[in-house]
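Please read the structure below before turning to the comments.
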Amino acid sequence: MSDLPKTYTPRDVEGPIYERWLAADVFAPDGTGSTADPALPPFTIIQPPPNVTGSLHLGHAQRTAVEDLMIRHARMRGHRTLFLPGLDHASIAAQFVLDGILAREGESRQSLGREAYLERMRAFSDSTKPVMLGQQRRVGASADWGRLRYTMDEVSAKAVRVAFERLYRDGLAYRTEALVNWCPGCRTSVSDLEVVSTPETGTLWSVRYHLIDEGSGALDPDPGATITVATTRPETILGDTAVAVHPDDDRYRALVGRRVRIPFVDRDVRVIADDVVDRAFGTGAVKITPAHDPDDYATGKRHDLPAPTILADDATVADTGTRYDGLDRYEARRRIVDALRERGDLAGERPHEMVIGRCQRSNDVLEPRLKTQWFIRTAPLAARALEATRSGRTRILPEFFEKTWEHWLTDIRDWNVSRQLWWGHRIPAWYCADGHVTVSADPSGPATCDGCDRPADQLTQDPDIFDTWFSSGLWPFSTLGWPDATPDLATYYPTSVMETGYDIIFFWVARMMMLGLQLTDREPFHTVYLSGLIRDPEGQKMSKTKGNVVDPLGVIDETGADALRFALIHGAAPGQDQRFGVTKLENARNFANKLWNATRFVVGSRPPTIPADATRRVPDPAHLGPAERWIRSRASATVAEVDAAMADHAFAEVTRVLYDAIWNEFCDWGLEFAKVHLADESLPTATREATWWTLVEALDTYLRLLHPVMPFVTEALWEAIPRRPTDPALLIVSRWPAPSGRDERIEAEVGSLLELIRGLRNARAAAGVEASAWLETEIAVPQSMGATFEALRPAVERLARAKPIERRLTREALHEDRPGRPPGALTVIVGDLEAVAHRAVAADDASHELERGRLERELAAARGYLDAARARLADRAFMEKAPPAIVDGARAREAELAEQVARLEDRLRG
RNA sequence: GGGCGGUUAGCUCAGUCGGUCAGAGCGCCUCGCUUACACCGAGGAUGUCACUGGUUCGAGUCCAGUACCGCCCACCA
């Protein structure tokens, strides 16, 4: 036990608490402070590693809060818990960031060269690394920092090499020339997932291609002998190798097989028939540029067309032998359009709504182009991933994401994994002069060529690196030491829960699942918990360009990590975005403050007969009054509710249940009841002690239940209350509470007394009674509730400001002496209970009307309900078809309402 | 073009198995410096549960359709 400062200052609480956890070594499953039960299965969460060069945003904070919540819960339930933290090298994202910094220095990737650039990147990421990790700690992540992993460390590197070698051996990785998404800004290919489809208004140009006279082989002398094609990218004319029409299109039937001359390059190409052509679109004739359009590429394959590439890596026109060589693609486009117009071959132009693929990273317009690249064959991997979710071995939460999952994995295309970048894992493939491919997981490379036994010094390693998601895809097992058979891998794999944002379900979750199943033969996780995204109060995505990004560290400084965590978890429905603003945060902060002060009260109200350093005593049942039994019963109910919510992964519900239980039950009523006993020195010591121990016990339960959500403040407060002899020194490793049983009768009796108190307060306020006035009150309490009432009489008096209270056994008794009753009485009816509070006011006082009005409103409402209840009972269909329990309930309700209406009517007559 | 999610108080959102489910927080109004807490306490007002049909004794809740908002996927030049 220790003293609590009067004011709750999160900053003062959180730092030292985290240090104590670290010092006690309680984060690691095998740490010296662990109290785990080795008989229970371990619980593992692999944290989605944030980008090493990124900055922590609210999304990270929410991830961390939810993961840490699950981990702390599992830890308190006695599981060995592994919360493995990490960082991702984030190849393209990191390069994008660094390139921006270099650009401001007047340097560039190219100007530095590969080695210097990588050196710079290592230094840069080394500088951001501690920042990212520090932020995680501020949020309170109880992660095992000793197992911190990084996708660029040697263990990961080895995993990448071995994974790729196995995939290659199994025929699941292959190298081929294919049309890929090329980003001219990043100078690399990107996967289909990194293409952002952007609707834009472009221009659809119609261009006349002149037919060749088949006899002479020269241009048809008839200037009208043309075929008009439609295009949105005129510069690709330079790469055309055919014109296609639909085979059933009568307009062009005669032209199929004829040749046309492609302008500028003066290439003569065939008119071909292919049913990809949509006759209704444009002119019904399509220019075919196999090297720069996916459709055209497929058409080219079918018709065996050449596929000249006309763009360089920086998207300037190249190798066309025209004067457009060297020009940027858009400059070339303008000039080509101008030239066509001059020649009279521009048949038309009109605005055109279309979808443009842009680079997720740089926002550049992507160019489809031919490149020789490594691909992962995804169909067989996706089939296994689908099987895992269909069989239920891996569960996706929320369930509705399973459809998205199914859809994507069903139509999946092969994964282009090579990147023409520098920061990342180099592809462990070597080529010899004959083009043989050798893939080797050996860190020093292959000894000889697989194809021709040429020695290593005659082999060249592929300059490309892997898509960053390739190493991320191995994360659940590479972090545990795979491919080596480490004890960690044996113990903690497959992992328990994969928590991440739904925005990377394909990028990451699907890849982990596919690679995990293929390489380890196990589902990498049992549950996928998909979080929603954090938006600003207007529902906008947070982004740097919008300037609406909230820095979690600022929030933590201001209101504490506990408040931030509570607020984030409170608003988190799985898969559902949440708007986040200051009011939620303030609400959470107020709650922490409330808890702080409630604990301060409990600690401060310790009866002097109990020593400050007492160990916990179970309250003596003989001395428990109804208030104490009510407090215990409600705490037990809360445990059960929290357990149910946790079992459903309904974390927001957990916060709601606890907020309500702690604030609206424990503080509003529990503490108020207890104050009466604790302050009453005429009571036996044992009674007052029992009351206090009851408060301590309930508070202890609530602090435990709340700890996974608000770890710091609960740990600090728990330290201030007496511990059980069996408790460890720290709440974080204490045991999760078990429900201790409900007392239904007490809950009902005390519950109706609470209602009565509320009713009296309501009546007083409605009648304009001074808040400080004590009203002489008569209360009818049936014999069955007598003991409970008598025990709580002082509390009822105090809370309803009703004193003295005269008790009657029946309502009739209450009304017998009506004639003698002073005017202005307030009446409250709650079930079997009825109270009449008297006040001395003149007969002509206007407040009589207020009371009358209140009773009339109550009566009207009761009559409304009664009518509805009677209508239901009069409905033969309802009586015949509704289950008996419902009918009985309706009858009871009707009787109760009828009674209440009668009472109110009676009261209003009097 | 497919698919998913959302629509409940002024705002942000809960609402499980169809039956006390018309709820919370914030905001608003009226009181209150009652020795845990003014980051507080007491009380109060506010709803066509988007719309239309259907199923049912009974529908925010289940079904079908519509509208609007958001997101994801998709090779029409």
Side-chain angles (χ1 to χ4, degrees), chain A residues 4 6-8 179 193 197 204 229-233 236 244 276-278 280-283 285-289 293-298 352 354-355 357 368 398 400-401 403-404 406-408 411 502-503 505-506 532-533 535 537 539 559 563 570-571 573 575-584 586-605 644-645 648 650 652-653 656 659-660 664 667-668 671-672 675 679 758 761-766 768-772 798-799 801 865 869 872 875-883 885-887 889-890 893:
Chain A
L4 289 171
K6 188 167 162 49
T7 311
Y8 166 55
L179 206 63
L193 279 176
S197 298
L204 186 65
V229 297
T231 181
T232 54
R233 293 186 297 158
T236 60
V276 284
V277 179
D278 178 354
F281 186 88
T283 59
V286 189
K287 58 191 271 318
I288 302 296
T289 321
D293 182 275
D295 272 338
D296 294 2
Y297 182 71
H352 180 59
M354 54 193 208
V355 174
F400 61 73
F401 266 105
K403 284 188 182 164
T404 311
E406 286 269 335
H407 184 252
W408 190 73
D411 282 329
Y502 67 76
D503 53 334
I505 183 172
F506 305 137
L533 274 29
R535 296 174 176 278
T559 57
H570 185 71
Q576 222 63 258
D577 295 352
Q578 69 163 312
R579 298 181 188 202
F580 194 84
V582 283
T583 57
K584 291 180 180 181
E586 281 172 1
N587 189 229
R589 188 266 323 261
N590 294 352
F591 179 55
N593 186 247
K594 184 78 176 177
L595 184 68
W596 180 274
N597 283 298
T599 306
R600 226 160 48 78
F601 169 74
V602 172
V603 170
S605 63
D648 283 350
E653 178 70 6
R656 256 173 251 123
Y659 184 96
D660 192 51
N664 300 325
C667 291
D668 286 354
L671 295 186
E672 294 305 322
K675 277 176 186 174
R758 282 197 203 101
R761 287 168 169 175
N762 175 351
R764 293 169 57 110
V769 175
E770 275 176 56
S772 55
R798 175 187 161 122
L799 296 174
R801 276 190 113 68
Y865 288 125
R872 216 142 77 112
D875 183 348
R876 216 171 58 220
F878 171 75
M879 297 303 283
E880 282 167 9
K881 296 189 177 172
I886 296 294
V887 175
R893 173 118 172 101

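In the text below, chain A, chain B and the rest are named by the order of the sequence lines, each starting its count at 1.
- Base pairing annotation: B:U66 forms a Watson-Crick or G-U wobble pair with B:A50, both donor-acceptor distances under 3.5 Å.
- For A:P294, the side chain to side chain contact (heavy atoms under 4.5 Å, CB included) partners at least two apart in sequence or on another chain are A:L179, A:P368.
- Residue contacts shown for A:R600 are limited to sugar-phosphate atoms, with no base heavy atom under 4.0 Å away.
- Contact annotation: the side chain of A:Y502 approaches that of A:L533 to within less than 4.5 Å [non-hydrogen atoms, C-beta and beyond].
- With values rounded to the nearest 0.5 angstrom, A:L193 atom CG is found 11.0 Å from A:I505 atom CD1.
- Residues A:F400 and A:G575 come closest through the heavy atom pair CZ-O, 4.2 Å.
- Closest to the side chain of A:F281, from the set B:A77, B:C57, B:A14, is B:A77.
- Distance check, rounded to the nearest 0.5 Å: CZ of A:R579 to NZ of A:K584 gives 9.0 Å.
- To the nearest whole angstrom, the two C1' atoms, one in B:A24 and one in B:C49, are 16 Å apart.
- Annotation: B:U46 and B:G23 have their C1' atoms spaced 13 Å apart (nearest Å).
- Separation of atoms CG (A:N597) and OG1 (A:T7) is listed at 8.0 Å; rounding is to 0.5 Å.
- When the P atom is used for both B:G1 and B:G47, the distance is 40 Å, rounded to whole Å.
- Among the atoms of the strands shown, none is found under 4.0 Å from any heavy atom of A:E406.
- When the C1' atom is used for both B:C76 and B:C13, the distance is 42 Å, rounded to whole Å.
- A:F281 and A:H352 have perpendicular rings, their planes meeting at more than 60° on a 0 to 90° scale where under 30° would count as parallel.
- Residue A:K675 places a side-chain atom within donor-acceptor reach of the base of B:A36, judged by atom type and a 3.5 Å distance cut-off alone.
- Comparing A:D293 and A:N593 by the nucleotide of RNA chain B whose heavy atom lies nearest to each, the residue mapping closer to the 5' end is A:N593.
- Taking for each of A:E672 and A:M879 the nucleotide of RNA chain B with the nearest heavy atom, the 5'-most of the two is the partner of A:E672.
- Contact annotation: A:K594 reaches the phosphate of B:G41 (side-chain N/O to OP1 or OP2, under 4.0 Å).
- Nucleotides B:C17 and B:G2 have their C1' atoms positioned 33 Å apart, rounded to a whole Å.
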Pick out the pairs of N or O atoms, protein on one side and nucleotides 2-9 of chain B on the other, that lie under 3.5 Å.
unit_1, atom_1, unit_2, atom_2, d
B:G5, O2', A:Q576, OE1, 2.6

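- Taking atom CG of residue A:N597 and atom P of nucleotide B:U35, one finds them 14 Å apart after rounding to whole Å.
- A cation-pi arrangement is present between A:K675 and A:F601 under the rule of less than 6.0 angstrom and at most 45 degrees off the ring axis.
- The gap from the C1' atom of B:A45 to that of B:U30 amounts to 11 Å, rounded to the nearest Å.
- A:D668 contributes atom CG, which lies 5.5 Å from atom CG of A:N664 (distance to the nearest 0.5 angstrom).
- To the nearest whole angstrom, the two P atoms, one in B:A42 and one in B:C33, are 15 Å apart.
- Put simply, A:N762 has a side-chain N or O that comes within less than 4.0 Å of OP1 or OP2 on B:G44.
- Atom CG in A:N593 sits 9.0 Å away from atom CZ in A:R600 (nearest 0.5 Å).
- Nucleotide B:G25 forms a Watson-Crick or G-U wobble pair with B:C11, both donor-acceptor distances falling under 3.5 Å.
- Between B:U7 and B:U48, the distance separating the two C1' atoms is 14 Å to the nearest Å.
- A close approach under 4.0 Å does occur between a side-chain nitrogen or oxygen of A:R579 and OP1 or OP2 of B:C13.
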Enumerate the protein-to-nucleotides 22-29 of chain B contacts in which both atoms are nitrogen or oxygen and the separation is below 3.5 Å.
unit_1, atom_1, unit_2, atom_2, d
B:G25, O3', A:N587, ND2, 3.3
B:G25, O2', A:N587, OD1, 3.3
B:G25, O2', A:N587, ND2, 3.3

